[in-house]
Amino acid sequence: MPATLAPYIGRFAPSPTGPLHLGSLCSALASYLDARSNGGRWLLRIENLDPPREQVGADHRIIQSLRAHRLLWDGDIVWQSQRLGAYQQALEQLLDQQQAFYCSCSRAQLAEHGGLHRDHCVAPLQKGDAAVRLRASNQPYCFRDRLLGHQQQTPSSGGDVVLRRRDGLFAYQLAVVVDDADSEVSDIVRGSDLLDSTAWQLQLQDSLGYPRPNYLHLPLLTDSSGDKLSKRSYAPALDDSCAEDNIRRVLRYLNQATPPTTSDLDSLLRWAAAHWQVSAIPRHAIAVN
Ligand code: GLU
């Protein structure tokens, strides 16, 4: 049964900080299969907003890996670096509505106030040199995660999150909300390292008048020491020449059925979409070896 009212639009939104690894393949594959099993579209957005953290060429390697795994997206790729005008407009709306504020405080100063600084920040004279932060609400936000069930989070418990950094770069929290709304994404399937960001994103959606998508947060894949597989922990890059093995491996981690044999990757993916079962996905971190 479809998870949402039609039309279903899903997406995969990698940051090009390194090549895809098994953990990012897990998000790509799960969001792809969830979209296809709901007869939906699946979009690709490259979240290249933070050049200092990016790795040269990682964007094209990611695209190549997705192609090698036959995870083929619909429509044009969205590049966040080309969407700065949309983020600026949203930021101005939030500033006008006084739901965002300029802040020139250091991390240490913020930490003294649990990350909440609105009443302590001396309004900077030079706005150009200040970050813009969300005035995080202290009202609880509730949502039903499609895997994890009822969730309640209060945006202010994570602090007044930054929306545009002091160096002028737009932050993930703002960009993700603006882009998902502009692309009319109905269903977000992503790793549970982003679960705690959801409250800020729900607040931003409400403030900007956007509809609320459905969420499904996937278990993280961890290495033998229990750390999340990530580019930062030097998770090995996917070997594109073993695409079928990689996909079968991730399907097993996600506790999904796998067909004994298939003639090619496209039929494997079609089979996996037809047998996709959200309720079978483990709810806790999965150690991979
Ligand atoms: N760009 C984020 C990442 O690579 C994912 C953002 C999202 O799915 O909301 O971790």
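Every number for a ligand or one of its atoms is a count from 1 in the order of the listing.
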Trainee: Less than 6.0 angstrom separating the ring centers of F12 and Y32, yes or no?
Mentor: no
Trainee: Using a strict cut-off of 4.0 Å, indicate which atoms of ligand 1 neighbour a heavy atom of V176.
Mentor: 9 (O)
Trainee: Might you point out which heavy atoms bring S207 and Q93 nearest each other, and give the distance in Å?
Mentor: O-NE2, 3.7 Å
Trainee: Is the closest N or O pair between L194 and ligand 1 shorter than 3.5 Å?
Mentor: no
Trainee: Give the contacting part of T17 toward ligand 1: side chain, backbone, both or neither, where contact means a heavy-atom distance below 4.0 Å.
Mentor: neither
Trainee: Please walk me through it: do F170 and Q88 pass side chain to side chain contact (heavy atoms under 4.5 Å, CB included)?
Mentor: CA-CA 8 Å; F170 287 100; Q88 183 60 34; 3.2 Å; yes
Trainee: Between R45 and D180, is there a side-chain N and carboxylate O pair less than 4.0 Å apart?
Mentor: yes
Trainee: I'd like to know if Y172 contacts ligand 1, where contact means a heavy-atom distance under 4.0 Å to any ligand atom.
Mentor: yes
Trainee: Measure the distance from atom 5 (C) of ligand 1 to every protein heavy atom, then report the residue, atom name and distance (to 0.1 Å) of the closest one.
Mentor: A13 O, 3.3 Å
Trainee: Against heavy atoms of S15, which atoms of ligand 1 measure under 4.0 Å?
Mentor: 1 (N), 2 (C), 3 (C), 4 (O)
Trainee: Going by the order shown, which atoms of ligand 1 are within less than 4.0 Å of some heavy atom of E47?
Mentor: 1 (N), 2 (C), 5 (C), 6 (C)
Trainee: Do Y210 and D182 meet the criterion of a side-chain donor-acceptor pair at a distance under 3.5 Å?
Mentor: no
Trainee: Decide, yes or no, whether a salt bridge links D34 with R146 under the criterion of side-chain N to carboxylate O below 4.0 Å.
Mentor: yes
Trainee: Side chain or backbone of P14 under 4.0 Å from ligand 1, or both, or neither, by non-hydrogen atoms?
Mentor: backbone
Trainee: In Å, rounded to the nearest 0.5 Å, how long is the span from CG of N214 to OG of S186?
Mentor: 6.5 Å
Trainee: For ligand 1, which atoms sit closer than 4.0 Å to a heavy atom of R11?
Mentor: 7 (C), 8 (O), 9 (O)
Trainee: Could you tell me which atoms of ligand 1, counted from 1 in the order shown, lie closer than 4.0 angstrom to a heavy atom of R190?
Mentor: 7 (C), 8 (O), 9 (O)
